[in-house]
Amino acid sequence: MDNAGSQAGPGTGTATGSAPDTGNPDDPGPDSGSEPGSGLDPDSGIGTGTNVTPKVNMSMNMSTGGPPAAAPAPPLAIRLALPVDAPAIAAVHLASRQVTMPYLPPQRRTHDEVTRWIREIVLPQCHTVVAARGAEILGYASVRGELLDQLYLRPDVRRAGIGSLLLAAARRHRPAGLSLHVFQLNTEARAFYAHHGFRVVATDDGSANMENLPQLTLRWTPAAAPVPPRGTP
């Protein structure tokens, strides 16, 4: 599996599932670019903080006689995933892996099967948050224990900082540290996680994952607080 991509998911697993943004190391690709490897593969919010939308005068521009001003796009929110989000999360997962990880074998699961996996396996077993703009789901991240099991973005919203927001939410959920698995071929995800302080702690030949692709285990541990000198009041 390849995560945000990590490498977890119905077709593979990773710390997030799709490749991170290539142009902006601060934002992963469709899946956030990580590939956390997890056992939650069918193929095999932490706080919300929504911005307030400013009021817009929708009345006709009386001076020009023009049409009303267009309504602004809804603000982006990071919120806990709900069972009703499962179909949209599954669509993000499938699209992200297809676009950002072309080296993976063809997806064998249908959208309905992946939706069921999300609803019945991922959501009950993982702390899952989504990046939502109104009713649209743009990406998601799932944490199981200390493993960042999934992190995927919709391909058309990469390089907008959304992957970084999802990763920040995962870190708030597990402030003592996070691990994830990423395919060695997923160079974009590796760069994204390195930018965010993850370091390689183990490698394997891929014999343990369904794709049989070599992968890395990455780990992020927060820096220790400085110890004040003895005698400091």
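Just so you know, residue 1 is the first one in the sequence shown, and it goes up from there. Remember, it's a predicted structure, so these values are computed and weren't measured experimentally.
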Option passing side chain to side chain contact (heavy atoms under 4.5 Å, CB included) with Val143 (candidates Gln150, Arg171, Arg174): Arg174
Can you tell me how far [atom2] of [Y] sits from [atom1] of [X], rounded to the nearest 0.5 angstrom?
{"X": "Asn212", "Y": "Gln215", "atom1": "CG", "atom2": "CD", "answer": "10.5 Å"}
{"X": "Arg144", "Y": "Thr128", "atom1": "CZ", "atom2": "OG1", "answer": "11.0 Å"}
{"X": "Ile162", "Y": "Leu167", "atom1": "CD1", "atom2": "CG", "answer": "14.0 Å"}
{"X": "His173", "Y": "Ser142", "atom1": "NE2", "atom2": "OG", "answer": "10.0 Å"}
{"X": "Ser207", "Y": "Leu213", "atom1": "OG", "atom2": "CG", "answer": "11.5 Å"}
{"X": "Ser179", "Y": "Arg199", "atom1": "OG", "atom2": "CZ", "answer": "13.5 Å"}

Report the C-alpha distance between Ile118 and Leu123 in whole Å, list the side-chain angles of each, state the deciding distance to 0.1 Å, and finish with yes or no for side chain to side chain contact (heavy atoms under 4.5 Å, CB included). CA-CA 6 Å; Ile118 294 289; Leu123 296 186; 4.1 Å; yes
Partners meeting side chain to side chain contact (heavy atoms under 4.5 Å, CB included) with [X] (sequence neighbours left out):
{"X": "Pro87", "value": "His111, Thr115, Arg119"}
{"X": "Glu120", "value": "Arg116"}
{"X": "Thr217", "value": "His181, Val201, Ala202"}

Work out which heavy atom in [X] is nearest to a heavy atom in [Y]; give both atom names and the distance.
{"X": "Leu94", "Y": "Arg109", "result": "CD2-O, 4.4 Å"}
{"X": "Ile137", "Y": "Val92", "result": "O-CG2, 3.7 Å"}
{"X": "Val99", "Y": "Pro102", "result": "O-CD, 4.2 Å"}
{"X": "Leu166", "Y": "Gly139", "result": "CD1-C, 3.8 Å"}
{"X": "Pro222", "Y": "Pro175", "result": "CG-O, 3.1 Å"}

Is the backbone of Ala95 close enough, under 3.5 Å, to the side chain of Arg154 for a donor and an acceptor to pair up by distance? no
Whether Arg133 side chain and Pro74 backbone form a donor-acceptor pair below 3.5 Å: yes
Side chain to side chain contact (heavy atoms under 4.5 Å, CB included) for Phe198 and Leu178? Distances and angles first, verdict last. CA-CA 9 Å; Phe198 284 79; Leu178 282 173; 4.2 Å; yes
Any residue meeting side chain to side chain donor-acceptor pair (under 3.5 Å) with Thr110, in chain and number order, not counting sequence neighbours: Glu113
Partners meeting side chain to side chain donor-acceptor pair (under 3.5 Å) with Gln98 (sequence neighbours left out): none
All salt bridge (Lys or Arg N to Asp or Glu O under 4.0 Å) counterparts of Arg219, not counting sequence neighbours: Glu146
Test question: given the 4.5 Å side-chain rule for I, L, V, M, F, W and Y, name all other residues clustered with Leu82, or answer none. Val84
Determine which pairs satisfy salt bridge (charged side-chain N to carboxylate O under 4.0 Å, His left out) with at least one residue from residues 83-95, sequence neighbours left out, and list them in order. Arg79-Asp85
